[in-house]
Amino acid sequence: MLLHFTTKQVCRGLALLALALAPLTGLHAQHPFELGDLAKLTGLSDPQFSPDGKTIAVVVSTPDYEEDRFQTGLLLVTAAGGQQRLLAQKRIGLTQPRWSPNGQELAYLEKTGTGKDAAPQLFVRALAGGEPRQVTHARKGVQHYAWRPDGGAFAYVTADEPANQAGPPEKGYDAFEVGNNDLFLTAAPTSSHIWLVPAAGGDARRLTSGAWSLPVTIPPGAPSSPLSWSPDGKLLAFVQVPTPHSGNGNQRAVQLLNVADGTTRPLTGRTMLEGYPTFSPDGSQVSYWYPRQGNTMNINETWTTPVAGGEGKNLTPNLDRDVFRTIWMPGGKNLLLGGLDGNRTSLWLQPVKGGAARKLALGEVSPTWSFWVEVGVSRQGGIAFIGSSPNQPSELFYMASASAGPKRLTDFNHDVKALQLGKGQTLTWQSDGLQHDGELTYPANYTPGKTYPLVLVIHGGPTAASIATFSAQAQLFAGRGYFVFEPNYRGSDNLGNAYKAAIYKDAGAGPGRDVMAGLTQLKRGGLIDTNRIGVSGWSYGGYMTVWLLGHYPAQWKAAVAGASVTDWLDQYNLGDSNIQRAAALGESPWLSEANAQNYRDQSPITAAGKIRTPTLILANTGDPRVPITQSYKLFHALKDNGVTTKFIAWPVAAHNASDPVRQRERNRFWLDWMDTYLKPGTAAAAPPRTGTN
């Protein structure tokens, strides 16, 4: 279908979303990036091509601080010229846009209801106009879905209703059996299963049932493994886990569902660690993820196997990178892969017959990565991705083919790009015979010859990396006159399998030496004031922060420990992944005293009595990934030893805040704490505050 985009449509729609698209003229950078500029950032995600390859649907989001939520919209962008048409605006939780096979409609998920009853439902919007139609009314909401190839129906995933109790919960009949789950669970998790509903709406039909479940991702992490239809619409590829308890998530295996009779069969016969299956364009093969040697300490690799079954073959034994996106290219002869690669995110073209993958030339821009690479492929071979560089916040980019250079199609974040931003630089250094890298952001007001205070911001994961992309947090510190060092360390997944796996049974000591070696090299450069250095991080970055505070106590003048793993015994017993931690730390601590001592040796809390640095502790009270018990232990260890500390918590049941106000407030506390102890003349009299300025 030919889409027409008028100037009037574009301006009217984007004004309603407060997306200023007009380019800046005659305006120079007036000030560094600061907290108020967070409101100027527009987020983009999930680019999806129309069947004819001419139009890209993308989700846009902007912060609404009055309502404390992100306003989301659905934008259509022409691949040829970047013309825009806003299809939906000011929606709550709009996600997962997917084109109908004939290109006449777009489906998406959007939250309906209010408060705790709000749940994503499936909607379809005709491009010709009119109101969207609501296709599902699932009481537990829709987790993800897929158009049937003929366009006549959707397969979708939703959680089952709770099993009947002996009596009403309000009368006390609310007991449930605990399994391998986080300590904040207040009811038995229910299995998620596949349903089929006509695209026009109507009664849904259950396709699967049982005590087993499809996996549900608890953020942060890659999205739940999507459904994939065979081209003839007869089979669905999905992932099965034995129970809905999060701690059993490693017991995942690819299955094929016969839609007509509801029977399922395993694809390979494995019972562990498979995920993200996708049918080839001709339906003869299925690609999927599987870690090297069946060990989650190793990198993700891409496998293919015939639909008839069998283990198949590993396509990427020589790529030596952690793959976090796999998409079939038209014709089925190649797969597009995405993952972290040194100081960037890379895309590769991997031949299905085997052999070396070819890295695509992307210039300075890196596709967005958050355990999932934000990229789409058209039926004609075009590629669209969300990407950024150190001084370019995220925008939509288009490549006409895998051999073409990327072309930027949007300019949502020109207001931020025009500010006085800190320059970015990639550093490399050696430690323990390993090559390391990390990102250095200069103060926005940098003057050669002067020295400046330094803040380390250490990434979490540890399966992640700091790379050369736009970082709002780094620019906030740069705007206040800091150097920001974001070091990678063994266990990061940007430098290959041996580097990622080197953290096994060495969670803190080896990575700690890596970070300190990078800091030592940076000190020699004469850029920083070596008497004003702060260390900080969230999640595993918080873990590294506390480890460094206890093992190198004389180095630091201030610290921020966010959602910190401080005690691996708590992490094993109480977190959402719990027993899966044994893959990285060593066998269960309950099998022997030697095992328990191994966990204690790798826990920063064992050296907390040596910490002397003023430390701000940040956490969410209901964090399932890193339970707040560990922050409480750190707080008491510091208080009892007379160390200056403050413990700030948010009543949030998540590892990270998903709303704009709390995200901004987290940054405010973080910045102000560093100012207080690294720039005492500017912030000592101004304690951290929670206002909206």
Side-chain angles (χ1 to χ4, degrees), residues 177-186 189 215-221 241-252 272-273 291 294-298 460-464 491 500-512 537-547 550 561-608 617 619-637 653-655:
E177 183 177 355
V178 171
N180 290 326
N181 49 256
D182 67 88
L183 83 160
F184 296 111
L185 207 65
T186 58
V216 178
T217 296
I218 300 175
V241 290
T243 79
H245 290 278
S246 59
N248 297 329
N250 59 342
Q251 301 173 51
R252 55 186 183 269
M272 301 284 288
L273 303 177
N295 186 338
T296 55
M297 286 302 298
N298 292 331
T463 302
K500 180 183 178 184
I503 203 171
Y504 178 61
K505 289 189 177 181
D506 185 18
W538 193 270
S539 193
Y540 207 95
Y543 167 87
M544 288 304 307
T545 295
V546 181
W547 181 277
S564 302
V565 177
T566 65
D567 187 337
W568 284 116
L569 290 167
D570 276 16
Q571 194 69 5
Y572 181 91
N573 293 311
L574 306 177
D576 62 338
S577 297
N578 51 69
I579 62 171
Q580 296 176 59
R581 301 292 175 184
L585 299 170
E587 296 76 11
S588 166
W590 303 112
L591 296 180
S592 70
E593 175 54 29
N595 289 1
Q597 187 60 47
N598 175 44
Y599 276 61
R600 288 191 288 269
D601 289 344
Q602 297 179 80
S603 297
I605 201 68
T606 58
I617 302 169
N620 293 330
T621 59
D623 184 349
R625 183 64 43 84
V626 182
I628 198 173
T629 54
Q630 302 179 68
S631 291
Y632 272 95
K633 290 179 178 179
L634 177 62
F635 175 69
H636 287 292
H655 187 50

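Just so it is clear, the model here is predicted, and its values are computed rather than measured.
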Gap separating the [atom1] atom of [X] from the [atom2] atom of [Y], nearest 0.5 angstrom:
X: Thr243; Y: Gln251; atom1: OG1; atom2: CD; result: 7.5 Å
X: Ile503; Y: Gln602; atom1: CD1; atom2: CD; result: 8.5 Å
X: Asp567; Y: Ser603; atom1: CG; atom2: OG; result: 4.5 Å
X: Gln630; Y: Ser564; atom1: CD; atom2: OG; result: 8.5 Å
X: Asn295; Y: Asn298; atom1: CG; atom2: CG; result: 4.5 Å
X: Thr629; Y: Asp570; atom1: OG1; atom2: CG; result: 3.5 Å

When you look at Val626 and Ser539, which way does the side-chain contact (heavy atoms from CB on, under 4.5 Å) test go after all the steps? CA-CA 7 Å; Val626 182; Ser539 193; 4.2 Å; yes
[X] (side chain) donor-acceptor with [Y] (main chain) under 3.5 angstrom:
X: Asn620; Y: Ala654; result: yes
X: Arg625; Y: Ala563; result: no
X: Ser246; Y: Asn181; result: no

Are [X] and [Y] close enough that some pair of their side-chain heavy atoms sits under 4.5 Å apart?
X: Val565; Y: Tyr540; value: no
X: Met544; Y: Pro604; value: no
X: Leu634; Y: Val546; value: yes
X: Pro244; Y: Val216; value: no
X: Pro589; Y: Gln597; value: no

Just to verify, what does Ser588 make a side chain to side chain donor-acceptor pair (under 3.5 Å) with, not counting sequence neighbours?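 Scan of Ser588 (side chain to side chain donor-acceptor pair (under 3.5 Å), adjacent residues dropped) gives Tyr572.
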Let me see the working for Asp623 and Ile628 under side-chain contact (heavy atoms from CB on, under 4.5 Å), right down to the final yes or no. CA-CA 7 Å; Asp623 184 349; Ile628 198 173; 5.8 Å; no
Closest approach of [X] and [Y], non-hydrogen atoms and distance?
X: Thr545; Y: Gly537; answer: OG1-N, 3.2 Å
X: Trp568; Y: Ala507; answer: NE1-CB, 3.9 Å
X: Asn248; Y: Asn180; answer: OD1-ND2, 2.9 Å

Applying side chain to side chain contact (heavy atoms under 4.5 Å, CB included), name anything that partners [X], two or more places apart in sequence or on another chain.
X: Asn573; answer: Leu569, Trp590
X: Pro219; answer: none
X: Tyr504; answer: Met297, Glu587

Stepwise side-chain contact (heavy atoms from CB on, under 4.5 Å) check, Thr296 with Gln580: CA-CA 9 Å; Thr296 55; Gln580 296 176 59; over 6 Å; no
Leu273 and Arg252: side-chain contact (heavy atoms from CB on, under 4.5 Å), yes or no, with the steps? CA-CA 5 Å; Leu273 303 177; Arg252 55 186 183 269; 4.0 Å; yes
Pairs where residues 596-606 contributes a residue and the test salt bridge (Lys or Arg N to Asp or Glu O under 4.0 Å) is met, not counting sequence neighbours: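 Found Glu593-Arg600.
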Is the distance between the ring centroids of Tyr543 and Trp538 under 6.0 Å?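 No; Trp538 has its ring centre 6.0 Å or more from that of Tyr543.
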Under the ring pair (Phe, Tyr, Trp, His ring centres under 6.0 Å) test, residues paired with Tyr632 that sit two or more places apart: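 Counting only residues at least two positions away or on another chain, Tyr632 forms a ring pair (Phe, Tyr, Trp, His ring centres under 6.0 Å) with Phe647.
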